[in-house]
Amino acid sequence: MARKSRKVDFVNVGVVADDTRHRTKEAKAEIKHPVFRAGLYARLSLESEENRERNTIETQMELLKKFVDQTTDIVVEKEYFDISKTGTDFERSGFDEMMQDIRSSRINCVIVKDLSRLGRNYVEAGNYIERVFPFFDVRFIAVTDGYDSEKGEANLAVCMSNIFNEYYSRDLGKKIKAAARSNWEKGKCVAGNIVYGLKRDPADKYHIIHDEETAPNVVRIYDMFLAGATYAEIAATFNKEGLLNPRAYKRFKSTGKIPDTFDIRWQAGSIPKLLSNRYYIGDSVHGQHTNDSFREKKQRLEPEENWIIIEDTHEPVVSKEVFEKAQREMERRKASHKASKSPGKYSVADRNFFGNKIVCADCGKTMYLQRSGNDKAVFNCGSHLLKKQCSSHRVYDTDIYDQVLKVIHTHMNVYLDKVEMIRRMNQRQESIARYDVFGKEIRKCHKELEKLAADKERLYEDYVCHIIDAEQYESFKERDAIREKELKERIDELSEHKAGYSINFHTDREWEEVIDAYRDKRKLTKKMVDAFVEKIEVNADRSIKIHLVYDDMLKELVCYAKEREAEYGKQ
């Protein structure tokens, strides 16, 4: 990869004002110095009411702008910021935007308040300071830490500051967990999310009380379930009544509105989660999820024996007797469902190879497989099952399997036919000659690249020996970088053409391996579906449209084969 050169503006000497604190961008451009186009970056770990009142992001930006005002070779090109973003990783939208502008050479200087604003992970922060920014010829300045990459390499103080920032985050994470555990043991609620049916007490943020709007719905769920209603029937009842699901209700309470794209419907799968939640009997459950390190975002579920359960922390929504009855009924239904899968009966779950890959062409919802008689099963639209405005799109599973298998075999046969045809054509003398021509062109490009590399060394020596000045050096270096990029792109293009004329013509390795694995299979399996099928759309008239993973690649292969046939037809 070519190393990007810093864009430097050299102009004639102009009149320089005595007061440099308020220089305009145009005034600075008249100074006979390289002008650095700076990106000002600010980060705030947690946006709170207190922080907003103190304008923390604005305060950082004001400090950075004052610093730039006192310089003669820096102008502000753009401001970047991240709010409520941790410094322990670099997955931040503002930072990503800044890196894009660095790659496009819009900015060639980065200024932050201190090293901790860049990041608290000393390994990654050090990598940006010592490798990434220098690679793009970007100047890096940490104002309050007194670090400027133009004035020397990263010193021990910078390294120690990075290490301290990460240690601070580790230590802070441990203290937060310890404080939370202490509050748990006292029966205080410090959770960010409160379960549906409960809410935080306005008079005491550590205490939970009933949500008068939704607590009755929770009671109804238990009553309906113990009266014999299924999960799907409970969800359908609530949807018919227009009740918001827990996620939509929470969104509405926090913002006062719900986006049109937001799914407000109840799903059957959410009912058992509510039925088994101990918060409804007045207990608090903590430590259900954890992560291995302070910077790891993804959490994993802890074994139930590791949970911390504090009893009687708030008023229950349902009695413990009702809750225990519900747990026993859930176990009974689960055991009954397992028992129904006797050797003489089939399980529709075992016959569904597609999962959420098969959808309704009209509403986009997943098609669900249901038993239909002793030995048949049908796919129905999920929206239709929940009494929504959509037809059943009823289609037998065997019809789907037959069509999918046929499409996959057609795909494989076309692939094998076209690859074999191209290999036969590549054995002809004309193809061998074209293959050699591309090889010679590639070797010629590589020789020119080697010459460019040697010229780079001589160019730098001329600059060090003052044979050429800085402006000439930058100009020649940029010219060579452009030519180097052109040559590498040309080599990639020639290599692709050369591969097309190879006697041992090959396509994508993964695609080729999948074809080899299933070319002789005559029965559809779940593994075959996983390997080939991307999506299946079922229309109301029972017709289906099958999308395969490698459809685009097959289309390209067919087009290339046609081009080759036309090429030989002209000879």
Evaluate whether atom [atom1] of [X] has more than 12 neighbouring non-hydrogen atoms of other residues, nucleotides or ligands under 6.0 angstrom away.
X	atom1	answer
Phe252	CZ	no
Asp263	CG	yes
Arg247	CZ	no

Candidate list Glu213, Glu212, His210, test side chain to side chain donor-acceptor pair (under 3.5 Å), partner Lys199, passing option: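 Testing Lys199 for a side chain to side chain donor-acceptor pair (under 3.5 Å) against Glu213, Glu212, His210 leaves exactly one candidate, Glu212.
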
Steps toward side chain to side chain contact (heavy atoms under 4.5 Å, CB included) verdict (Ile107, Arg139): CA-CA 10 Å; Ile107 63 173; Arg139 181 179 181 182; over 6 Å; no

Heavy-atom side-chain proximity of [X] to [Y] below 4.5 angstrom:
X	Y	result
Val76	Leu40	yes
Val218	Tyr280	yes
Leu459	Gln472	no
Leu449	Ile491	yes
Val143	Val112	no
Arg490	Glu493	yes
Arg278	Phe323	yes
Val219	Val317	yes

Between [X] and [Y], is there a donor-acceptor pair closer than 3.5 Å when you use the side chain of the first and the backbone of the second?
X	Y	result
Thr366	Val359	no
Asn245	Arg265	yes
Ser475	Glu471	no
Trp511	Met553	no
Gln70	Phe67	no
Arg37	Arg106	yes

Stepwise side chain to side chain contact (heavy atoms under 4.5 Å, CB included) check, Thr237 with Trp266: CA-CA 9 Å; Thr237 299; Trp266 285 77; over 6 Å; no

Could you grab the distance from atom [atom1] of [X] to atom [atom2] of [Y], nearest 0.5 Å is fine?
X	Y	atom1	atom2	answer
Ile234	Ile221	CD1	CD1	6.5 Å
Leu244	Ile258	CG	CD1	4.5 Å
Leu44	Arg117	CG	CZ	7.5 Å
Leu487	Asp492	CG	CG	11.0 Å
Tyr41	Met99	OH	CE	11.5 Å
Ser105	Phe136	OG	CZ	8.5 Å

So that I can tick it off, tell me whether [Y] and [X] are bridged by a salt bridge, with the cut-off set at under 4.0 angstrom between side-chain N and carboxylate O.
X	Y	value
Lys65	Glu62	no
Asp551	Lys535	no
Asp480	Arg483	no
Asp101	Lys78	yes
Lys488	Glu484	yes
Lys357	Glu537	no

Looking only at non-hydrogen atoms, find the nearest pair between [X] and [Y] and report the distance.
X	Y	result
Gln327	Leu275	NE2-O, 2.8 Å
Met224	Phe238	SD-CE1, 4.3 Å
Val138	Ser149	O-OG, 4.1 Å
Ala38	Ile111	CB-CD1, 3.9 Å
Gln267	Ser270	O-OG, 2.7 Å
Ser319	Ile281	O-CG2, 3.9 Å

Leu198 vs Asp211, side chain to side chain contact (heavy atoms under 4.5 Å, CB included): CA-CA, chis, key distance, verdict: CA-CA 5 Å; Leu198 298 171; Asp211 183 340; 5.7 Å; no

Will you find, in the side chains of [X] and [Y], an N or O donor that is under 3.5 Å from an N or O acceptor?
X	Y	value
Tyr550	Glu510	yes
Arg43	Tyr80	no
Asn277	Tyr196	no

Phe95-Tyr128 aromatic ring centre distance below 6.0 Å: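 Yes.
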
Ring centre gap for Phe140 and Phe133 strictly below 6.0 Å: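 Yes, ring centres under 6.0 Å apart.
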
Stepwise side chain to side chain contact (heavy atoms under 4.5 Å, CB included) check, Phe81 with Ile83: CA-CA 7 Å; Phe81 61 88; Ile83 298 176; 3.9 Å; yes

Check against salt bridge (Lys or Arg N to Asp or Glu O under 4.0 Å), Glu474 and Arg479: CA-CA 9 Å; Glu474 290 291 338; Arg479 179 202 63 188; over 6 Å; no

